[in-house]
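To start, the structure itself, in structure tokens.
Below, chain A is the first sequence line, B the second, and so on; all start at residue 1. Since we're looking at a predicted model, the values are computed, not measured.
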There are 2 protein chains.
Amino acid sequence: MLKPVKKKTLPEEIIEQFKQQIISGNWKPGDRLPPERELSESLGVSRTSVREALSAFTAIGLIEVRVGEGTFLASDIAPLYKRELSSKFLVKRGSLLEVVEARKIVETQLAYLAALRATDEDLNKMEKILDNMGKRIASQSSFMEYDVAFHFAIACAARNTILLETINAIAELFRSVHREVVELPGMPQLSYSLHNQIYEAIKKGSCAEAQEAMMKHLSVVEDRIKNMPLDDKL
Amino acid sequence: MLKPVKKKTLPEEIIEQFKQQIISGNWKPGDRLPPERELSESLGVSRTSVREALSAFTAIGLIEVRVGEGTFLASDIAPLYKRELSSKFLVKRGSLLEVVEARKIVETQLAYLAALRATDEDLNKMEKILDNMGKRIASQSSFMEYDVAFHFAIACAARNTILLETINAIAELFRSVHREVVELPGMPQLSYSLHNQIYEAIKKGSCAEAQEAMMKHLSVVEDRIKNMPLDDKL
DNA sequence: TGGCTCCAGTGGTCTAACAACCTTACATTT
DNA sequence: AAATGTAAGGTTGTTAGACCACTGGAGCCA
């Protein structure tokens, strides 16, 4: 089998260049971008193509356009939230169960590996995250952030780049409904306790225990999704 | 809080309408959307505005545009996930041993699930691939293609989109060196035999056996990599 | 100071046209 | 009959140029 000759479209290439500008720091959050006409001239393309590229950035919340004023790079560093609103209605409950199944497979093994390989530094990080999680049981939104961070820390401790990026990608999908799972009464407390069990197992270096604790945690999540109101499935 | 004073832009309104079409079920996953010109006429706007709206949907992976063919609604969460995954994998790539470790974790469970869920059609496909593989033990290049196809067939039979895309992405990383692993003397025969064991286990519906057979296969691959010259490991 | 007009800059939208590309059907060659 | 080449129609990709609507500021005037 040969490689599938990919031909990038103009707006796609423009998007790439814009990304570069952001990554390199040439464009900083809050900055005003050059006018569309200027951009089209610099890039040697039509204004239409530039606008389509900008339209894509707008969709994922990376830029903000103000008529008569100009185009601005989002000052907010978490533009991912806008994307979730856009795509949420596509993620059905059935798909979510697939996602949880994948998490069960990958994350249990990640916990296993973490118990095997975690350094003191890794453990400190996890403990700090758990601390913050405990203090924020009341406020769902930031609790969720620490929840995600904890799983991320485990993946880091497992020392496998491939699986780390895999979990990262999955987490992005999951983010959109994570909130509803966590917001149920009694859920944060339960979740906090389960995360603690995972941490203790990893700290002890007990692979099987860590694996099992993670499985228990994800099974709870799975149950929650199965019991989600039907309105949310589409 | 006073007046939000909403002045929606044309593409934004179009996006809203498209969302409605999706939610209401008028447009189903995989469907081909009407041509841009037709949409612009129906909506009473220019093609430019329609294209900007579509550009936004493309950015978040909800639609796929094929030149000369048309615009299609994403069939499932797979495109969303694939987008996430590819962007992450572009940045980082792991060493070969990391890749094999990831494969051991994901593919053993995939074999397990395949043994649980494979239909007759799935099994037929696998058998056909194995047949071709057997006939091509001599020629490394096409042998490798069937090898990859077999693993892909298992992932399909496991009925989990997320893991399927994950394995796809990993396979892409692995492809570059797969050849060197297979080209060793005696390797195709051994590999063919191990693949057959996996197939038989799945056909029997024996989950544990399938899982174990896959693990045996990947362990062989792992050994081969460990014995490879150092330059090729990264 | 306060309000006014005017204006240059900017994004929003449209039109019409051509290019690049895919599929299908048909004709040609072998 | 099978493989190959060709033409046509439909579709997205891209462009140029034009006009509109809105914003901010400069400068004018009471």
For C:dC14, does either OP1 or OP2 sit under 4.0 Å from a side-chain N or O belonging to B:Ser49? yes
Exam field: side chain B:Asp31 to backbone B:Leu73, donor-acceptor pair closer than 3.5 Å: no
Does the C:dG11 base have a donor-acceptor partner in the side chain of A:Arg37 within less than 3.5 Å? yes
For the side chain of B:Arg32, starting at C-beta, report the closest nucleotide among C:dG11, D:dT14, D:dT11. D:dT11
Length of the line joining A:Glu69:CD and C:dG9:P, which is rounded to integer Å: 16 Å
Rounded to whole angstroms, how far apart are CD1 on B:Ile63 and P on D:dT11? 16 Å
Residue pair B:Arg66/A:Arg66 against DNA chain D: nearer the 5' end by closest nucleotide is B:Arg66
Starting the side chain at C-beta, find the nucleotide from D:dG13, C:dT13, D:dA16 nearest to B:Pro11. C:dT13
Tell me: CD of A:Glu52 to C1' of D:dT14, nearest whole Å? 9 Å
For the pair made of CD in B:Glu36 and C1' in C:dA20, what is the distance, rounded to whole Å? 14 Å
Give a yes/no on whether any side-chain N or O of A:Thr48 is located under 4.0 angstrom from OP1 or OP2 of D:dA16. no
Any B:Thr9 side-chain N or O less than 4.0 Å from OP1/OP2 of C:dG11: no
Picking from B:Arg117, B:Lys203, B:Arg159, what satisfies side chain to side chain donor-acceptor pair (under 3.5 Å) with B:Asp122? B:Arg159
Take the protein atom CG of A:Leu43 and the nucleotide atom P of D:dA16, then report the distance between them rounded to whole Å. 13 Å
Between D:dG10 (P) and B:Glu38 (CD): distance, integer Å: 12 Å
Within the distance-only criterion (no hydrogens, no angle test), does the side chain of B:Thr166 pair as donor or acceptor with the backbone N or O of B:Ile162 below 3.5 angstrom? yes
Taking atom C1' of D:dT15 as reference, at what distance in whole Å does atom CD of A:Glu41 sit? 15 Å
Which whole-number value in Å describes the distance from A:Leu39 CG to D:dT15 P? 14 Å
Kindly indicate whether a cation-pi arrangement holds for A:Arg136 with A:Tyr146, taking the cut-offs as under 6.0 Å to the six-membered ring centre and within 45° of the axis. no
Contact between A:Thr9 and A:Glu13 at the side-chain level, heavy atoms closer than 4.5 Å - yes or no? no
Under 4.0 Å between a side-chain N/O of B:Arg51 and OP1 or OP2 of D:dG13, yes or no? yes
When only distance counts, do a donor and an acceptor, one from the side chain of A:Arg47 and one from the base of C:dG12, lie under 3.5 Å apart? yes
